[in-house]
Amino acid sequence: MAKPGLPQGTRDFGPEVVRKRQYIFNTIRSVFELYGFQPLETPAMENLDTLMGKYGEEGDKLIFKILNNGLDNPDKHQQARADFEKVLEGKNVKGLTERALKYDLTIPFARYVAMNHGQLTFPFKRYQIQPVWRADRPQKGRYREFYQCDADIVGSNALLNEVELANIYNDVFTQLGVTGFELRINSRKLLAALAAFCGGAEKMIDITVAIDKLDKIGLDKVKEELAQRGLNNEQIDTIEKYLAITGSNEDKLEQISALLGHLEIGRKGIEELETVNRQSAIDNLVIDFTLARGLNYYTGIIFEAKAPATVKIGSIGGGGRYDDLTGLFGVPNIPGVGISFGVDRIYDVMEELKLFPEGVYTGTQVLFFNLGAEESKTAFATMQNLRKQGVRCELYHEAAKMNKQFNYAEKKNIGFVVIIGSQEIQSNTGVVKNLKTGAQETLPLADLTNKLFI
RNA sequence: GAGGUUGUAGCUCAGUUGGUUAGAGCGCAAGUUUGUGGCACUUGAGGUCGUGGGUUCGAGACCCAUCAUCCUCCCCA
């Protein structure tokens, strides 16, 4: 028998952890619902075509591909071998793999919208809470299977959507108690303007990739990388000016106007940031011109939620506007904007900062002691009564020493026990004990109601 | 994909320059206590030292390989 184990980067979640995770899911879900978003689910796997080429070159490598079934069929051996040769050259071959685990929720959503745009009422606001998979190397805050909670609005260009999404971030993190978060925003239009201004519109991706690393590797290394990517000194000087902008959000907007306001696309980007900054009125909102985000389908405002600086986890959510996402699937002119929460990282942050409230751990509210065959019949009937009133309770599975039953309640963090022994049966009563305070009283069984156990 | 770390009881970890029967704390089980838990005390169960090979009279320790793990880079949630 081989030792049991888990695939790298995946985890089991025990009861306590699931409760804490659900607390996060429920908070996010209720805020999404509060803002008028509707739920959607898509399959764990997609056709490989749907995913490939949507996440950049690096992204393609991180997609988990699923090996086709039936490759052992002797009739197909020759073809399979030929296909495998192509795989060794780094190509994807339908003969071997035509499905893959989904990498994020946005592209499957775009695929869904493209397939159903005739039936949907626009603007369509959907939220989606599902696992995604990445063939990444696991490390701190990084898993191969993790959950994303996405909210997107498609079919609307209104900046109101961006404002709403910013507020969703704020509401969720505030409710969860993650008050030290920072919501960074930028506009891809400014990055486009910068690239155009530098005379290298086609260099936009090179530029964004490089400046995205600023806080990690520092200005000098960014300049080095820009040079490596083929930019000349004059262009790099302009980018340096762009990166040097600091101050309050208002200061930054003023300075960026001076630098890029003369370009139409630059002016548009500035307007976007101004609007979101002014209307959302979130304290933790930071305009950050170095924010670039890797996904190359963003075209307008981009978001990144950063964990409090004390926990070195970095991004706990991100998103942005994409003007033509479904265009990739043959349905042009459906603009959208969306955000995503990384639950697994939010969990790690909350664990580290001890932000889970006490009540999260409570499952069963009342444990009925089992003191013998006869006694337990009364206990069972009483328990069923309480369950009808919505009280979560259980009867100890066998007659055992009270010691043992108390310990069981203690371990499961059960707040109350009800003891019904031979004496109590005679008087039709039960002993109700509060395990937190140690207080107990003997009450008629008829008086046991849900109000007692809150 | 590149680099590094660690692997000893269910968990967290000790284990000296290589030396006889591998330890502790927590947890678990039983008891002190046959109707009142958490505390205390007593007793007990539990380890092919990740795996395979090598060096040695002798390996948990040294060497090689391998697997797993965690971390860093890349990229991301």
Side-chain angles (χ1 to χ4, degrees), chain A residues 2-11 14 24 28 55-63 90 103-106 129-150 169 181 205 208-210 212-213 216-217 221 225 291-296 303-307 312-320 338-349 367 369-372 375 396 399-425 430-442:
Chain A
K3 276 186 200 165
L6 284 171
Q8 195 179 39
T10 66
R11 299 150 299 158
I24 300 174
I28 293 172
Y55 308 106
E57 226 175 289
E58 284 299 311
D60 283 356
K61 289 184 196 159
L62 299 180
I63 293 171
Y103 178 90
D104 74 351
L105 301 179
T106 308
I129 299 180
Q130 289 193 276
V132 300
W133 294 268
R134 294 185 189 178
D136 210 347
R137 185 161 291 214
Q139 51 184 277
K140 187 176 164 77
R142 178 173 304 197
Y143 310 98
R144 287 186 148 180
E145 178 184 65
F146 61 96
Y147 269 75
Q148 288 192 326
C149 305
D150 277 29
Y169 270 127
F181 83 98
I205 290 184
T208 56
V209 167
D212 197 30
K213 298 178 188 167
K216 253 187 192 165
I217 61 177
K221 294 257 173 164
E225 187 159 338
L291 179 64
R293 295 197 57 76
L295 300 177
N296 49 25
F303 298 101
E304 180 151 317
K306 293 199 112 179
K312 290 181 178 143
I313 278 196
S315 176
I316 50 177
I339 57 171
S340 179
F341 287 88
V343 172
D344 303 79
R345 285 191 179 176
I346 293 171
Y347 179 97
D348 290 346
V349 169
L367 177 70
F369 273 21
N370 187 332
L371 298 176
E375 293 88 335
Y396 197 77
K401 289 185 178 179
M402 295 184 91
N403 186 328
K404 225 176 165 179
Q405 305 195 41
F406 269 120
N407 278 331
Y408 178 79
E410 181 80 18
K411 289 279 152 55
K412 281 191 75 172
N413 202 31
I414 296 171
F416 294 89
V417 298
V418 172
I419 303 166
I420 300 174
S422 49
Q423 301 163 29
E424 285 78 17
I425 285 179
V431 176
V432 176
K433 179 158 184 165
N434 180 328
L435 292 191
K436 297 242 159 59
T437 65
Q440 69 178 53
E441 61 181 325
T442 304

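Quick note on labels: first sequence line is chain A, next is B, and so on, each numbered from 1. Computed from a prediction, not measured in an experiment: that's the story for all the values here.
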(Q) Rounded to whole Å, please give me the gap between CD1 in I420(A) and P in rG35(B). (A) 16 Å

Q) What do you reckon, are the aromatic ring centroids of Y169(A) and F341(A) less than 6.0 Å apart? A) yes

Q. When the C1' atoms of rC62(B) and rU17(B) are considered, how many whole Å apart are they?
A. 12 Å

Q. Can you tell me how far P in rU20(B) sits from the matching atom in rA65(B), rounded to whole Å?
A. 29 Å

Q. Distance check: side-chain N/O of K411(A) vs OP1/OP2 of rC28(B), anything under 4.0 Å?
A. yes

Q | Test item: R134(A) side-chain N/O and I63(A) main-chain N/O as donor-acceptor pair under 3.5 Å | A | no

**Q.** rA77(B) base stacked by F341(A) (centroids within less than 5.5 Å, tilt under 30°)
**A.** no

Q | Integer-rounded Å distance: rA68(B) P and R144(A) CZ | A | 10 Å

Q | Separation between the C1' atoms of rC67(B) and rU51(B), rounded to whole Å | A | 7 Å

Q. Does I425(A) offer a backbone N or O that forms a donor-acceptor pair with the side chain of E375(A) under 3.5 Å?
A. no

Q. In whole Å, what separates the P atom of rG52(B) from that of rG25(B)?
A. 31 Å

(Q) So if I take every side-chain heavy atom of K401(A) and compare against rG31(B), rG35(B), rA77(B), which nucleotide ends up nearest? (A) rG31(B)

Q: Could you run through RNA chain B and flag its stems, i.e. three or more consecutive Watson-Crick or G-U pairs with both distances under 3.5 Å?
A: B:1-4 with B:70-73, B:10-13 with B:23-26, B:28-32 with B:40-44, B:50-54 with B:62-66

(Q) Taking only the C1' atom of each, what is the distance from rG3(B) to rC74(B) in whole angstrom? (A) 12 Å

Q: Please report, rounded to the nearest Å, how far the C1' atom of rC76(B) is from the OH atom of Y143(A).
A: 14 Å

Q. When rounded to the nearest Å, what value does the distance between P atoms of rU5(B) and rG44(B) take?
A. 42 Å

**Q.** K61(A) NZ - rA2(B) C1' separation (whole Å)
**A.** 12 Å

(Q) Could you check whether any side-chain heavy atom of Y143(A) comes within less than 4.5 Å of a side-chain heavy atom of D348(A), counting everything from C-beta outward? (A) yes

Q. If you check the I419(A) side chain, which of rG38(B), rG35(B), rA77(B) turns out closest?
A. rG35(B)

Q: Describe, in one word, how the ring planes of Y103(A) and Y55(A) are oriented to each other, choosing from parallel (under 30°), tilted (30 to 60°) and perpendicular (over 60°).
A: tilted

Q. Does a nitrogen or oxygen in the side chain of Q405(A) sit under 4.0 Å from OP1 or OP2 of rU36(B)?
A. no

Q) In terms of side-chain heavy atoms of R134(A), which of rU69(B), rG35(B), rA77(B) is nearest? A) rA77(B)

Listed pairs, N/O of protein and of nucleotides 71-74 of chain B, under 3.5 Å:
{"residue": "rC71(B)", "atom": "OP1", "partner": "K140(A)", "partner atom": "N", "Å": "3.2"}
{"residue": "rC71(B)", "atom": "OP2", "partner": "Q139(A)", "partner atom": "O", "Å": "3.3"}
{"residue": "rC71(B)", "atom": "OP2", "partner": "K140(A)", "partner atom": "N", "Å": "2.7"}
{"residue": "rC71(B)", "atom": "O5'", "partner": "K140(A)", "partner atom": "N", "Å": "3.4"}
{"residue": "rU72(B)", "atom": "OP2", "partner": "Q139(A)", "partner atom": "OE1", "Å": "2.9"}
{"residue": "rC74(B)", "atom": "N4", "partner": "Q139(A)", "partner atom": "NE2", "Å": "3.3"}
{"residue": "rC74(B)", "atom": "N4", "partner": "R142(A)", "partner atom": "NH1", "Å": "2.8"}

Q) Rounding to the closest angstrom, what is the interatomic distance between rU12(B) and rG50(B) at atom P? A) 14 Å

Q | Polar side-chain contact Q440(A)-rU36(B) base: donor and acceptor under 3.5 Å | A | yes

